[in-house]
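So you know, we letter chains A, B, ... as the sequences are listed, proteins then strands, and number each from 1. This structure is a prediction, so every number in the text was calculated from the model and none was measured.
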Protein chains: 2
Amino acid sequence: MNIGQAAKASGISEKMIRYYESIGLIAPVGRTDAGYRVFSDKDIHTLRFIFRARSLGFSVEQMGNLLALWQDRHRASADVKAVAYAHIEELDNKIERLMSMRRTLQHLAEHCHGDHRPDCPIIGDLAGLADPLDAALSSEHPTSPESVRDTVSQS
Amino acid sequence: MNIGQAAKASGISEKMIRYYESIGLIAPVGRTDAGYRVFSDKDIHTLRFIFRARSLGFSVEQMGNLLALWQDRHRASADVKAVAYAHIEELDNKIERLMSMRRTLQHLAEHCHGDHRPDCPIIGDLAGLADPLDAALSSEHPTSPESVRDTVSQS
DNA sequence: TTGAAGTTTCCTATCATTGGAGAGTTGAAC
DNA sequence: GTTCAACTCTCCAATGATAGGAAACTTCAA
């Protein structure tokens, strides 16, 4: 099997297959006399393993660990589980960070008129107004850099 | 104000301030005769704006748009709102992708014995078994590359 | 005057991935 | 047999946001 077929069969691009080989995530595969890579069924299977692990968000380093565990007949499932839970925790952290951003932004956006007027609590928050919602709802002037700077330097 | 003080006051590292200047996100600031950057109150305020936008997950490009809107006294709040909602959608996509990974991984991990035995539905799933949970729960042999390959090539 | 701390620019690296250039190989049609 | 398209090879560069370091220069206080 050539690299093109291997890419199609595994879901991993040719570029990435070469890359994974270059960084040692996968062992160097066979070569023809002309230097073309030759992929065995086992190689393809390893690539599919990587494809699935990647789609679960595992990093290259974690995939290396998982591959090692996969190839270890005497592994303890507890070790695999530990890698999985460590990754779940990472995912949780990322999710929480994104959801926190989302909450803040949603809250600000909900209170933005969204019309032709310049006043906007979103800009107000970014500009660092103490209470961007109130400011936007009550102020008569837009929250542009100059006006904000004035406000700030006056305080 | 020197760059060190500006970094402390804004929460953005010196490195990143220079970077933001180099890519044109912020205009070049003043310089002393010796070439040291000099930050005005307004510059600091812009940096804080960027700091807050970044902490809400906006990309450099989006921050450029937001800065332009901020500096535009005649902006329509609808434009700001549109940028915000576009970003919320991006956040939603990222969150959903991560949560999907989390769900799958959690499901697999819950069914992993987590003991000294090698059988593990997590590895089984990565290896591409049709039903990794069943396979892991019922098989007598670990799901190592060779055994999987045999299984696959037999099918 | 000296020395530490601050600043400058420039180069490098990260992570995972994509793109391209230039050279060589394969395989099928003519 | 030649030709031509499709494929593959290696190497180099770029992405986006950030960090680290080197070498040279400036500032400021002791």
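Spacing between atom CE of B:M1 and atom P of C:dG6 amounts to 15 Å, rounded to whole angstrom units. To the nearest angstrom, C1' of C:dG19 lies 13 Å from CD of A:E14. The distance between atom CE of B:M63 and atom C1' of D:dG16, rounded to the nearest whole Å, is 11 Å. Rounded to a whole Å, the CD1 atom of B:I23 is 11 Å from the P atom of D:dT15. Rounding to whole angstrom units, CZ of residue B:F51 and C1' of D:dT18 are separated by 14 Å. Following rounding to the nearest Å, A:M16 (CE) and C:dG19 (P) show an atom-to-atom distance of 12 Å. Straight-line distance from the CG atom of A:L25 to the P atom of C:dT17: 11 Å, rounded to whole Å. One can place CZ of A:R97 at 14 Å from C1' of D:dA17, the figure rounded to the nearest angstrom.
When the side-chain nitrogen and oxygen atoms of B:R37 are compared with OP1 and OP2 of C:dT9, one or more of them lie within a distance under 4.0 Å. For B:Y19, no side-chain nitrogen or oxygen approaches OP1 or OP2 of D:dA19 to under 4.0 Å. Within the structure, a side-chain polar atom (N or O) of B:R31 is placed less than 4.0 Å from OP1 or OP2 of C:dT9.
Distances from the side chain of B:N2 to the nucleotides D:dC9, D:dG21, C:dT7 place C:dT7 closest. Side-chain proximity of A:K15 to the nucleotides D:dG21, D:dC11, D:dT26 is greatest for D:dC11. The listed nucleotides are D:dT26, D:dC9, C:dT25; the one nearest the side chain of A:R18 is D:dC9. Side-chain proximity of A:S13 to the nucleotides C:dT18, D:dA17, C:dT26 is greatest for C:dT18.
Of the candidates B:I50, B:N65, B:L66, B:F58 forms a side chain to side chain contact (heavy atoms under 4.5 Å, CB included) with just one, namely B:L66.
For the atom pair CE (A:M16) and OG (A:S22), the distance works out to 9.0 Å, reported to the nearest 0.5 Å.
A salt bridge links B:E14 with B:R18: the distance from a Lys NZ or Arg NE/NH1/NH2 to an Asp or Glu carboxylate oxygen falls below 4.0 Å. Between B:D115 and B:R117 a salt bridge is recorded (basic side-chain N to carboxylate O distance below 4.0 Å).
Side-chain atoms of A:Y36 come within donor-acceptor range of the base of C:dG24, with a qualifying N/O pair under 3.5 Å.
Using a distance-only test at 3.5 Å, with no hydrogens or angles considered, a donor-acceptor pair links the side chain of B:R75 to the main chain of B:L69.
Residue contacts shown for A:Y20 are limited to sugar-phosphate atoms, with no base heavy atom under 4.0 Å away. Contacts of B:R54 with the nucleic acid, taken as non-hydrogen atoms under 4.0 Å apart, involve only primed sugar atoms and P, OP1 or OP2.
For the pair B:D33 and B:E61, nearest-nucleotide mapping onto DNA chain D gives the more 5' position to B:E61.
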